[in-house]
Engineer: 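My questions will all concern the structure given below.
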Amino acid sequence: MEALLASAIGLLAAVGIYLTLRLRTFPVILGLTFLSYAVNLFLFTAGRLAVNAAPIVGTTDAPADPLPQALVLTAIVISFGMTAVIMIMAIGGHLQAGHDRIDLDEDKA
Amino acid sequence: MRRLFPHPYLSLTLIVMWFLLVNQWKLGSLVMAIILATIIPLATSAWWPDRPRVKRPFALAAYAILVLWDVIVANFQVARIVLFMPRDRIRSAWITVPLDLTSPEAISLLAGTITMTPGTLTSDMSACGRALLVHALHAPDPDAVRDQIKARYEARLKRIFE
Amino acid sequence: MSLALIAALPFLGALLPGLMIRAGRNACAAATGAVTLLALILLALQAPAVLRGEIVQTRIEWLPALGLNANFFLDGLGLMFAGLILGIGLLIILYARFYLAKSDPMGQFFTYLLLFQGAMVGIVLSDNILLLLVFWELTSLSSFLLIGYWKHLPEGRQGARMALAVTGGGGLAMIAGMLILGNIAGSYDLTVILQNKEAIQASPHYLPALILILLGAFTKSAQFPFHFWLPHAMAAPTPVSAYLHSATMVKAGIFLMARMWPVLSGTFEWFVIVASAGLITMVMAAKIALFKDDLKALLAFSTVSHLGLITMLLGFGTPEAATVAIFHILNHAAFKAALFMTAGIVDHEAHTRDLKRLGGLRRLMPVTFAIAAIASLSMAGIPPLNGFLSKEMMLEEAAHVAWPNAWLVGVLATIGALFSVAYSFRFLAHGFLGPVRDDYPHKPHDPGFGLWAAPALLAVLVVLVGLMPNTMIGWLLNPAASATTGRGIFTNIYHWHGLQAAALWMSVAAIGGGLVLLGAYPRLRSLWDATPRPEAKRIFDGLIEPLADAARQVTDSLHNGRFSRSMVVAVVGIGVLATLAFLTATPHAPGTRPILPVDPLVLCLWLVLVVAAFAVPFLHRNRLVALLLTGVVGLLIAPMFAMFSAPDLALTQLSVEVVTLLLMLLALNFLPKETPVESRLPRRLRDAAVAGMAGLGIGGLAYAMMTRQPAFDRISAFHWAQSKPGAGGTNAVNTIIVDFRGYDTYGEIIVLGIAALVIYALSEALLRNPAVTARLASLPKEREAGDRHPMMLVVATRLLLPMAMMVGVYIYLRGHNMPGGGFVSGLVFAIAYLMQYMASGYDWSHARQRYDHHALIGWGVLVASLSGVGAWAFGLPFLTSGFEYVHLWPLEEFELATAAIFDLGVFLCVLGAILLALASLSRLALRTGEGPNTTAHDLEETR
Amino acid sequence: MTPALDMALDLFLSSILVGGGIFALVGSYGLLRLPRPMQRLHAPTKATTIGVGAALLVSALDLLGQGQVSWQELLITVFLLLTAPVSALFLAKTLILRGEADPDIPDSGTGKPWATLAPERHDS
Amino acid sequence: MILPYALLFFLGCLTLAFALNLWRLFSAPTLTDRVVVLDTMTINAIALVVLYGIWAGTGLYLEVAVLFALTSFVGTVAYCKFLLRGNIIE
Amino acid sequence: MNHWIIAPVVLPAFVAALMVLTLRGHLALQRIASLAAIIALNAIAVALLWSATMHGPEAYFLGDWPAPFGISLVLDRLSAMMVALLAVLALITTLYAIGSGWDAKGAHFHPLLQFLLMGVGGAFLTGDAFNLFVFFEVLLIASYGLMIHGGGDRRTRAGIQYIAFNLVGSSLFLFALALLYGVAGTLNMADLAAKLPGLPAGDAALLRVAAVMLILVFAIKGALVPLQFWLPGTYANAPGVVAALFAIMTKVGAYATLRFVTLVFPTDLPATGTLIPAFLLPAALVTLAIGALGILGATTLPRLAAFAAIASMGTAFLAIAHMTPRGTSAALYYILHSTLATALIFLVADLVSRRRAHLRLDAPAPVAQNGLIAALYLASAVALAGMPPLSGFIGKLLILDAWRDQAFAIWPAVLVSSFLMLLGLSRAGSLLFWKPSESEAVADPAPQEPLAVTAAFALFAALIALTLAAGPVTGWLDGTAASLHDPAAYIGANRLEVAP
Ligand code: NA
Ligand code: NA
C-alpha cells in the first residue's frame, strides 16, 4: 500500500512540476494545484499509513497519527487561499495585458 | 405564525432531516431540530419568496411511493436496453409534453419524476414554461409515452398542488 | 578630545553653508572660512607640543569589538599635512568666493568642500587604520561631488565617475591591505602598528598587504598606471582643482606612504614597486604635460609628475630621500596651488584656458603674471625658489641609487626634470609672454584683490621658503621628517652643494635641455600630434562600458522574466542539492515497518487517480478538459484520505475541491479556453525529464519515510491522550486544530481572509481601469443558452439550500467529537450559497442577503482573536480554552467549549472569504455586457 | 439474532449488493455502448443512482444488523433523488445548445421556443 | 458469510465501471460527454465510500458521502452552466 | 507568563480586522488606526527587546499546552531584535505611504499592511517549525496583496510570477516539514534540537534532505542563488513603498536560516554536519556577484534597487555561512543595516519616479527637487556599496574580519563586488541627477509631500544612528550571537516535556 501511495505522490508531483513549466498562467496554476495535492499527501504520509483507525477516541485504540492530518488540513486551506489569489491575478493579468503569458519581457521595462 | 414559519413543509422536512443526520431519538435533538428548522427557513426565506400551496399532503406521500417504485422498475428497463438491445433497434425520440401545471414547484417535481422514471429524461422547457421537452431512450410510440406522463404523474400533481 | 574636534569641525560645519547661503554669498563663504579657521586655530594650539616632539592623542571608543575606534594622534607629519590642508583650504575658500559665478549654488559647493576638508584632516590625524579607511573613502566620495559640481558638463560627470572608480576601487583594495596589516600587528591602531616593523616585514602576508595598500595609495596619488583619472578630474571648478589636485587629495596617497614608511619601507619589494612607479610616473607625466594646451591639464599632468617624484623619493627607502620627499610635498603644495589659482584667474578673465588662444597676458594682467612667473619658475626648479631646493635634493638622491645600474635612475630623473622645466616655461611663455592678442574670448584684465590675494600669498611663500628655507620651514619640516623616518634627524637645507654635487650638473642639464626643448616645441608638437597615443578616457570607457554591458547582459539574460526557465533552474537546483545531501549521508537504512497489504478499494482508487493524473500533461491544452481531469484527481483524493483513516481530511478535501473548481470555472470565463502549443518537443521533453526526476525523488522520499519506523515517540501521542480529558473532544484531529494547535488555525483563517481582501482589492483596481472594462465588454462569446436561470434549478435550490445549511450546522456542532468542524461547515455553507448564486444569479441573491462579506471576515478574525484573548482574563496564555459540560433542560447535556467559539470564528472567516472572493469575480462578470439579474428565475417575468 | 436470521440477512444483503454492482457497471457501460449523446445521458442518471442506492441500503441494514441505527443513508438517497434530475436537465440542455443532441427536436407547441435555444433575454 | 464476497463483487464492478469511465473520459467525442463521465464517476465514488463504510463496519464515512452527493451535483451543474452560459454565476 | 510576547501578532490582527469591519472607506481613520497600532508595536518591541536582554529567552505556551505538544512562541534576543527592526521599518514606510498617498491608490492597503506585520512578527517569534510555515504564508499572502496594490499590467503579471514561485517554495517547505516530522516526530524547534542528536544513523539521509530543503525554502525568501529569480521582477514592479517594506521580507529568510542553523542543524549535529555551510557559502558568493553585476547593468532605478537587495542578501548569507558567533554577529549587524539601506533606496526610487518622467537610466529627464532627492540617493548608495561613513562599511568590515581565516577566497569576492556596486551606483546617480535634460524640459513640479521625504530622511537618520552606535550595537549583537550558538537557554525556556 505504501508503494501505491508513494507512486501516486511522485506522479502528482511530476505532473504538477511539468505544468508549472508551461508558458501560460492557467496551466501553471493547475500545475500548482497538482503540486499541492502531492504535498498534502506527502505530509499526510509523515504519520505513516493506517487503515480503519480514524483518530477518534472511543472508536479505536491504535489510531492513525492525528497530527499530520491536522497539518494537512491547514495546508489544504492555505493552498486553497493561494490558488484563489493567483487565479484572480491571472484574470487581472489577462484583462490588462490582453494575453495570459506568464513570462515578462524585462528589457521592455 | 406565517412570519415565523414562512415554509412550514420545509421546516418539517428539516426537522426530519436533523434526525436523519444525528441518528438519535432524543428530546434534546428535537429541541435543536425545532430551533434550526425555525431559524434556517427564516434566514433563507428571502430566496424563496412565494409559498407553494400543497392541498393534499398525504397524496404527496403516496405519489412519492409510486415514483420510487417506478424508479426501480425503470432501472431494470434501462438496464435491459443498455445491455441487450441491438444499437440500431433503439428507437429514441423527442416528446413534447404540454403542461397544465403552473406552479414552479409542481412543474419541477413533474420534470424530476420524468427523469427518474422509465427511459425518459426531461431535457428542456419552453421559454414560456408551458411545455417540457422530454427525451425517451426507447419509445416506438412517443405519443403513448406523453399520454402516460400526463395521466400517471401530471394529473396527480395537479390534484396535489392546484 | 580636541583632535577629534579638529577632524569633526569641518563635518559639523558642513551644515552651515547651506543655511548661511540664505544670508548671502559673503556670509556663506565667511561661515565656511570661519569653520576652517577655527580648526586651524585648534591645530595651532596643539602645535607647540608636537614641535617639541610629543605626540598628542585622542581616543574615543567606537567599535571596540572590531578594533575600529575614533583614535587620533598628531605628530610632525600629521601637523604638517593638517596645516597644509586647513591653511590652503582657507585660501581656497577666499578664492572660491570670488571665483564662483552667481548662478553656481555656492552653498552646495562649500558644503562639499568642508566635507572633503574634514575627510582629509581625518586621514592625517587618524591613529587607527580602519578609521583612516573611513576618511580615505570619504575623500573619494566628497571629491566625486566636487568634481561633478558643474552638473551640466558631461566631462565633469565623466571625470567624477572616473575618479571615484579609480580612487574608490583603490580604497577597497586598501581595506584588504589594512585588515591584513592589522591582523599581523594585532591591532588596528597606527601607534601600535608603527612599533611592529619586524613582525610585519617578516610576515608571509607582508607582500599582499603591501601591494593592496599601495594600490590604494597609487590610485589616490595618480601614480602610474592609475594616473589617467587626474586630468579628467580637471573638469571641476578651479578652486576644486587647486585644492584637491595640488595640496590635498592626491597627497593623501603620498601621506599614506609616508605614514607607513617606517613599517613598510626598506625592503626590496617596497623599493622596486614604489620607486619604479614614482620614476615612471614622473617622467611620463612630465612629458605629457608639455603637450597639453589646457592650462589646467598641463598643471594636472605636472602634478602627476611631481607626485611621481615624491613617490620615487619615498620608494628609495632612505631617511634622507624621505626627508626630501616631505620637503617637496610642502613646496609643491605652495607653487601648484598658486598655479592652479592663476590658471583659474586666466580662465575667469579670458574665458579660456587654451594656451593656443592665449599669450601676451603679461601686459593685460601684470599681477597675475607676477604670481604665475614665481610659481612656474619654482615648478621648473629655478633657483632660488623653493622648488629648486627640493628638486636639487631629489636629483642628488636619485644620483645615488645604484639599482638596476649605477646611472639609470639618475638619468631618468634628469629627463623628468628636463620636461618639467620645459612645460613650466611653456606655461609662462605661451600664456603670458608674446604679443597681446585681439581675439581673446573675453578681454582679460587683472581681477579684484579677492581673487589674486590667495595665490599672491602663496607666491610670497614660494619666494621666502626659497630664500630662507631653514627659517621658514625647518621648524615644520624637521618634526615631520622625523615622524616619517622615525629618527630625529635634522636636515639643513642648502642652496649650494658644491661643484662636485651630481645634482648641480643634472640640474643644469635639465634647465638647459628644457629650454632647448621649448625652442624646438613646434616641431616636437607636430611629432607628438602625429603619434597615436592611448587616450585615458577612451580606455576607461572601453573598460567600464563593456563591463556594464556585460553585466547587463548577464543579469538580463538571467533575470529576463522567463518564469519557466527560472523554475527549471530552481527545480534542478533543489533536486541536485537534495540528492547530494542524501547520497553523502550515512546510507539510509531501509524501512523496518510492516508494509500494509494492498486494499482492493485503494487499488481501485489508485488506478483511476494515476490514469487521470497521467493524462493531464497530454490533454491540458483544452483547459476545460484539464480542469475536469484535475477535478477527478482532486475528488478522488478525498476517498483516498477516508480509506487511510482521515475522515476530516476527506471532508475538507472534498469541499475545498468543489469550491476550487467553481472558482476556476468562474476564472476560465475570462481566460482563453485553449492553451496554444508554444514550446517545441525538445523543450517539452526536457520539462518532462525534469518533472519526472523530481517526481521520482519525491515518491522515493515518501516511500523511504513511510516504511521507516519512527525513531522517537511522537508528540501526537500527547494529543491523543489529552484529546478528551484535556481538550474535551473525541476527535483528535479537531482538538488539535481548535485547541492544541489552534494558533496554526488562527494563522490559517487569516490567510483565507487576506486572500479574499486581496481578491477584492485587485478586482476593484481592475474595474477602475477603463482598458479592462473595455476588454471585459469585448470578451469573445460563444453561443449561449437563452435561459440564465432555469426554473428547475431554482426550485431544487430552494430545498437544497436549507438542507445544505442544516448539514453545515450539523458538521459544525459535531466537529469536536466526530469528523467535521467550523472549517468544513463554513465550506458547506459557502457551497450552499454558491448554489443559490448559480441558480438565481449573484445580484438577485445578494440583494436579499442581510450582511456584508467583509464584515463576515472581520467578525471571524475578531471572534477567533477574542476567544484567544479571553484567556488573558484568567491569566492564561492566548487561545487557552476551557470547556464545561452543561445540562440545560430540555436540551440534553452538552459541552460548552470556548474552542467552539474559536471554531465559530473559523466558520465566519471561511464563509466570508469565499463569498467575498465570489462577489469580486461576479462584479467583474457584470461588466461582460450582461445586465444585473432582477428575478429569481427566468419564468418569473414571463408569467 | 438467530443464526438463521443472520444468514438470511447476509444472503439478502449480498444479493442487493450484487444487483447494485451490476447496475453501477451498467451505468458506466451504457456510456460506452449507446451510440448517441442523448441516449448516453439515460444510463448514468438511472442505473448509477440505483447502484449507489443499493450500497446505501446495505450500509443501513448492515449497521442495523450490528445494532446501530443509521439514517444518513436515507438522507443521501434523498439528496441524489433531488439532484439527479437537475444534473440531467443541465446536461441535456448543454447537448441541445451545442448541437450534440439529436437534431429532430420538435416544436414546443406553445408558440415559444425551447428555453435553451431561445434568443437571449436582456434585463433592463 | 458471503457478504464480503458480495462486497468484493461490488468493488469489482465499480473498478470496472471506473475503468470504463476513464476510457470514456479520454475517448469521448464531446466536452459534454466528459461532463457526463465526471458526473458518473462522482456517483460511483459515493458508492465506493459507502462500500468502504460497510467494509470497515463504521458509519464514520457517511458524512463524506453526504458531502459528495452535494458537491457532485454542484460540480456537474457548474460545468454545464459554464458550457451553456460561460459565466456560472450571473 | 509574559503576554506581551504574543502582542506583535495579535495587535495587528485585531486592528486589521477592525479596519475591515468598521473602517472600510474611511481612509483617514484607517491611517490613524494603522499608525497608532504601529506606534504601539514599536513600544512593545522596545519592551520585548528589554525583556529579552535582561531575562534571556522566554517561551509563551499558546493554549497553555506544554511544549513540545502545543505551539510555543520564544522571545529571545534575536526574535526581539527582528521584531524591533520590523516595527521601525513599518513606522517609516507607513508614514511614507501616507505622505505619498500610496495607500489611497487601491483598496485595503492598511489592513494588508497590518496583516503583513502580523505574519512577519509571528514568523520571528514562533518556536514551532510548522507554525513558521503558517506565518510565512500569512506574510506572503499579505505581500501578494501589497505587491499588486494599485494594479497595473506589469505589476499584476510580475505578481503572478512572485506568487507562483513562492507557492513552489511553500510546497518545498511542506515537503521538508513532513520529512522532519516523519523522522523526528516533533515540530517544536527546541524539541528538534534536543532530539536530533540522538537520531539513528539510518535516518540521517532523510534528515539531511529535510535540512537542505528547509534551508532552500529560506533561500527562496532570502533570494539566494539559484532561487533569486523572483526578486527583481517583484521588487522592481511593486509600489516603491511596498518594495521598501519588503526589505524585511528577505530578512525573514535570513532570520529563519540563522535560527535553524544555530538551533536545529548546528555544525556539530552528526547527521548534517557542515552540509549547510558547504552550499550556503558558494551560493552566497554567487548571489553577491549577481547582485553586484545587476547593479552595474541595471536599466532602471527600481531594478537597480532590486539587485542591491540581492547583493545585500548575498552579503548577509556570506556572514551566516561562517557559522561562528563572530560571523553571526556580523550577519546580524549587516541585516539591520541592509534592511534600512534597501528600504531607503526603494523609497528614493519612488520619490524619483514621481519627480521624473521615467525611471530609465539611459535617457535624460530632469528630477524636481534634485538636490534633496540626490542627497537621499547618495546616502542609500553609500550605504549599499558599503562605503564609509555609513553602516554598510562597518557591516562589511565585520564580515571581512569574520572571514579572515579564509581571506584569500572571500575578501576578493566581497571587495570586487563592492567595486562593481560602486561603479554601478555612481553611474546611475550621475545619470539620474547630473544628466541634464537635452530637450531642456523642465522637471515636473515637485509633489508637495513633506511627510514622505521626512520618512525617507528618517531611514537615513536610522542608518547614521546605526553607524554611530556601532560599538554598543555590536556589543549587544555579540551577546546575541553567542546565545544563538549556545542554545541551551533557548531550549530550556521551552521546558520540554516527554510524551505520556
Ligand atoms: Na487544493
Ligand atoms: Na486552547
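Chain identifiers are assigned alphabetically (A, B, ...) following the order of the sequence lines, protein sequences preceding nucleic acid strands; residue numbering begins at 1 within each chain.
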Engineer: Report which part of A/D65 has an atom under 4.5 Å of a heavy atom belonging to chain F: side chain, backbone, both, or neither.
Structural biologist: side chain
Engineer: Decide yes or no for A/F42 and F/L174: does some side-chain heavy atom of the first lie under 4.5 Å from some side-chain heavy atom of the second?
Structural biologist: no
Engineer: Roughly how far, to the nearest 0.5 Å, is NE2 of F/H108 from CG of F/L146?
Structural biologist: 12.0 Å
Engineer: Counting only non-hydrogen atoms closer than 4.5 Å, does F/I160 touch chain A with its backbone (N, CA, C, O), its side chain (CB onward), both, or neither?
Structural biologist: both
Engineer: Is there side-chain contact between F/L116 and F/S143, with heavy atoms separated by less than 4.5 Å?
Structural biologist: yes
Engineer: Name the option with the most non-hydrogen atom pairs under 4.5 Å to chain F; the candidates are A/T45, A/V72, A/L67, A/L95.
Structural biologist: A/L67
Engineer: Working to the nearest 0.5 Å, report the span between OG1 of F/T186 and NZ of F/K195.
Structural biologist: 4.5 Å
Engineer: Need one label for F/E137: side chain, backbone, both or neither, based on atoms under 4.5 Å from any heavy atom in chain A.
Structural biologist: both
Engineer: If you count heavy-atom pairs under 4.5 Å with chain A, which of F/Y144, F/Y181, F/Y162 comes out on top?
Structural biologist: F/Y181
Engineer: Which bit of A/L43 is near chain F, if near means a heavy-atom gap under 4.5 Å: side chain, backbone, both or neither?
Structural biologist: both
Engineer: Using 30° and 60° as the class boundaries, would you call the ring planes of F/F133 and F/F130 parallel, tilted or perpendicular?
Structural biologist: tilted
Engineer: Do the side chains of F/F135 and F/M118 get nearer than 4.5 Å, heavy atoms only?
Structural biologist: yes
Engineer: Measuring heavy-atom distances to chain F, does A/I78 have an atom under 4.5 Å in its side chain, in its backbone, in both, or in neither?
Structural biologist: side chain
Engineer: Let me know if F/L180 has heavy atoms under 4.5 Å from chain A in its side chain, its backbone, both or neither.
Structural biologist: neither
